[in-house]
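Heads up, the thing below is written out as structure tokens.
Here the structure is a predicted model, which is why all the values come from computation and not from measurement.
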Amino acid sequence: MECSHEEEHAFAAKRAAENMPVAENIERLAAQFKAISEPSRLKILLALREGEMCVYHIVEAVEGNQSAVSHQLRILRDNRIIKARRDGQNILYSLADAHVLAVLELALAHIGCKEGDQV
């Protein structure tokens, strides 16, 4: 097969190979995207964009039930997408860091992109 952009594409492929993360980091990233991609977990993350909340208020925000939300919170926490801290008898949840918020905001912005929009 012939490529009409051989030099440009060969250079891009070389750069891509040189900048490819190690396999362990690719696996971790894939696991994080998998955790984020489940709709009920995504709703929890979108709710937590508004700030730290306890389980009770997360349940209210996502219109879920406590058992299901608690299960999803554990998965998100295990994948280091959210963090938790104890405040007296309450456990408060928040996004792990600004990177998680940035990924959510970029994904939401991407919904409005049309095919052919420039990168």
Side-chain angles (χ1 to χ4, degrees):
M1 177 179 246
E2 222 172 284
C3 178
S4 59
H5 301 280
E6 180 63 38
E7 189 174 316
E8 177 185 348
H9 293 171
F11 181 68
K14 184 176 188 247
R15 275 195 337 257
E18 290 170 351
N19 293 309
M20 190 66 60
V22 297
E24 179 182 320
N25 288 344
I26 291 172
E27 290 294 325
R28 190 165 153 210
L29 184 59
Q32 288 177 331
F33 274 114
K34 182 178 178 182
I36 290 171
S37 70
E38 198 282 323
S40 61
R41 291 192 286 266
L42 185 56
K43 281 178 74 173
I44 291 168
L45 295 174
L46 293 170
L48 289 174
R49 285 183 313 155
E50 301 303 324
E52 188 176 66
M53 284 188 242
C54 65
V55 174
Y56 174 80
H57 289 104
I58 294 169
V59 167
E60 184 178 306
V62 302
E63 299 176 338
N65 67 62
Q66 185 168 351
S67 175
V69 168
S70 293
H71 174 73
Q72 302 301 356
L73 287 168
R74 184 187 55 77
I75 292 169
L76 291 168
R77 190 171 175 195
D78 289 349
N79 281 282
R80 298 178 41 201
I81 297 166
I82 63 168
K83 60 186 177 184
R85 71 176 184 88
R86 183 169 290 282
D87 182 31
Q89 292 185 356
N90 292 319
I91 297 178
L92 304 176
Y93 295 90
S94 61
L95 299 177
D97 57 40
H99 299 112
V100 175
L101 179 59
V103 168
L104 292 170
E105 296 296 339
L106 285 170
L108 287 168
H110 183 66
I111 292 171
C113 290
K114 297 178 185 91
E115 188 175 335
D117 283 356
Q118 294 295 318
V119 176

(request) Of all the heavy-atom pairs spanning A84 and I91, show the shortest one and how long it is. (result) CB-CG2, 3.7 Å

(request) State the CG-CD distance between D87 and E52, to the nearest 0.5 angstrom. (result) 7.5 Å

(message) So, taking the atom named CZ in R41 and the one named CG in L73, what distance separates them when rounded to the nearest 0.5 Å?
(response) 10.5 Å

(request) Flag the pair V100 / I36 as yes when at least one side-chain heavy-atom distance between them is below 4.5 Å, and no otherwise. (result) no

(message) Looking at K43 and E63, is there a salt bridge between them, counting it only when a charged N and a carboxylate O are closer than 4.0 Å?
(response) no

(request) Identify whether I75 and F33 are in the same connected component of the hydrophobic contact network (ILVMFWY, side-chain heavy atoms under 4.5 Å). (result) no

(request) Quick one: pull up NZ in K83 and CZ in R85 and give me the separation to the nearest 0.5 Å. (result) 9.5 Å

(request) Run the numbers on V55 and N90 for side chain to side chain contact (heavy atoms under 4.5 Å, CB included), then give the verdict. (result) CA-CA 9 Å; V55 174; N90 292 319; over 6 Å; no

(message) Given 3.5 Å as the limit, does a donor-acceptor pair link the side chain of N79 with the main chain of I81, or not?
(response) no

(message) Starting from V103, can I reach L101 by hopping between I/L/V/M/F/W/Y residues whose side chains sit under 4.5 Å apart?
(response) no

(message) Check this for me, if you would: do E24 and R28 make a salt bridge, where the nitrogen-to-carboxylate-oxygen distance has to be below 4.0 angstrom?
(response) no

(request) With the side chain counted from C-beta on, respond yes when S94 and L48 share a heavy-atom pair under 4.5 Å apart, and no when they do not. (result) no

(request) Determine whether the side chains of S40 and E38 contain a donor N or O and an acceptor N or O closer than 3.5 Å. (result) yes

(request) Quick one: pull up CD in E6 and CD in E8 and give me the separation to the nearest 0.5 Å. (result) 11.0 Å

(request) Count the heavy atoms of every other residue, nucleotide or ligand shown that sit under 6.0 Å from CZ of R74, and state whether that count exceeds 12. (result) yes

(request) Kindly work out whether a path of hydrophobic side-chain contacts (I/L/V/M/F/W/Y, heavy atoms less than 4.5 Å apart) joins L104 to I111. (result) yes

(request) Let me know which of Q72, Q66, M53 forms a side-chain contact (heavy atoms from CB on, under 4.5 Å) with I58. (result) M53

(request) Decide yes or no for L46 and L108: does some side-chain heavy atom of the first lie under 4.5 Å from some side-chain heavy atom of the second? (result) yes

(request) Find the distance between CD (E27) and NZ (K34) and round it off to the nearest 0.5 Å. (result) 11.0 Å

(request) List in chain and number order the residues that pass side chain to side chain donor-acceptor pair (under 3.5 Å) with R49, two or more places apart in sequence or in another chain; answer none if no residue qualifies. (result) E105

(message) Rounded at 0.5 Å granularity, tell me how far SG in C54 sits from CD in E60.
(response) 9.0 Å

(request) Spell out, as yes or no, whether a donor-acceptor pair under 3.5 Å connects the side chain of N19 to the backbone of R15. (result) yes

(request) For residues V62 and A47, report the shortest heavy-atom separation together with the two atoms involved. (result) CG1-CB, 4.2 Å

(message) Check whether R77 reaches the backbone of I82 with its side chain - one donor and one acceptor, N or O, closer than 3.5 Å.
(response) no

